[in-house]
Amino acid sequence: MKQVFLMAALLFMVTALPGRASENQKRGQKRQSEAGEEQRKLIGSTPVNDSQTPLHLLAPDYELPYAEISVSGIRSDIDRVLEYLVRVTPTEVADKETGETNDDNSRIDAKSRLRRGDFRLTSYEWGVVYSGMLRMAAAASDDRYSDYAYSRMKFLGQMAKYFHQPLLDAGLIDPQMRQILEPESLDDAGSVCAALIQAYRATHSEELRPLIDNFINFILY
């Protein structure tokens, strides 16, 4: 009885399944055809994207598209970056409550702070920027880049001695200057100190030396 049942099942598989497989194949082909037709319609009415064209063949939709790089093009872009940074990183002291510029350094007190720009002059990232500016000046033989770094670091050196007394008196000053006078982590000291050392070796500006010594003492001890 079992043998009869097995023979019947085998016969069914041999005769019925190929036909069913063929039907499935036809349905799959139909779906592919319909999808292809829909895709052709989309391409004609909408922007080309990865659904219709392999991703690596699509042109990037960037405001600044990739193009052949030239020395003049790179220089033009970097010059624009420099002009922007000069504009948005001022070297001024202001009253944090009124926003009034303080032109008399002898009046600096606990309410004084560095004029806020788009970036902090004492941040870890800006220490990297200073070093980059010095390297760019050497590579491009353009003192505008080193002047940017020197002017900001010299400003910090000048301001440090005026913010020191308010720190002693009130114990609380502008966080940027606190970072210079009393660093609390290597991020406060590392990259800015490295840039200061490069600037000092190039200019021998004595206004930078106290900042370097303060940072080195913090790093070592």
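Note that the numbering runs from 1 along the sequence shown for the chain. Predicted, not measured: the structure shown is a model, and the values here were computed from it.
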Subject >> Residue pairs involving residues 178-197 (criterion salt bridge (Lys or Arg N to Asp or Glu O under 4.0 Å); sequence neighbours excluded) >> reply: R178-E184, R178-D188

**OP:** Using side-chain hydrogen bond (donor to acceptor under 3.5 Å, both in side chains) as the criterion, list what pairs up with N214, not counting sequence neighbours.
**Re:** none

Counting only pairs under 3.5 Å, give me each side-chain donor-acceptor contact of residues 133-144, with atom names and distances, residues two or more places apart or in other chains.
from : atom 1 : to   : atom 2 : distance (Å)
D142 : OD1    : R144 : N      : 3.0
D142 : OD1    : R144 : NE     : 3.2
D142 : OD2    : R75  : NH2    : 2.4
D142 : OD2    : R144 : NE     : 3.1
D142 : OD2    : R144 : NH2    : 3.0
R144 : NH2    : D79  : OD1    : 3.0

Original post:
What pairs meet the ring-ring contact (aromatic ring centres under 6.0 Å, His included) rule with one or both residues in residues 68-114, with sequence neighbours excluded?
Top reply: none

Could you pull out every donor-acceptor pair under 3.5 Å between side chains of residues 206-213 and any protein atom, sequence neighbours left out?
from : atom 1 : to   : atom 2 : distance (Å)
E206 : OE2    : Y200 : OH     : 3.4
E207 : OE2    : Q158 : NE2    : 3.2
R209 : NE     : D213 : OD1    : 2.9

Original post:
Quick one: side-chain hydrogen bond (donor to acceptor under 3.5 Å, both in side chains) partners of T98, sequence neighbours excluded?
Top reply: none

Original post:
Which salt bridge (Lys or Arg N to Asp or Glu O under 4.0 Å) pairs, counting each pair once, include a residue from residues 122-133, with sequence neighbours left out?
Top reply: none

Subject >> Those residues that, when tested against S191, pass side-chain contact (heavy atoms from CB on, under 4.5 Å) (two or more places apart) >> reply: Y124, V128

Subject >> Listed once per pair and sorted, the salt bridge (Lys or Arg N to Asp or Glu O under 4.0 Å) pairs that draw on residues 159-175, sequence neighbours left out >> reply: R116-D174

**OP:** For D103, check side-chain hydrogen bond (donor to acceptor under 3.5 Å, both in side chains) against everything at least two apart and list the hits.
**Re:** none

**OP:** Would you list the pairs meeting salt bridge (Lys or Arg N to Asp or Glu O under 4.0 Å) in which at least one residue belongs to residues 83-98, sequence neighbours left out?
**Re:** E92-R115

Subject >> Sequence-distant partners of F119, ring pair (Phe, Tyr, Trp, His ring centres under 6.0 Å), two or more places apart >> reply: W126

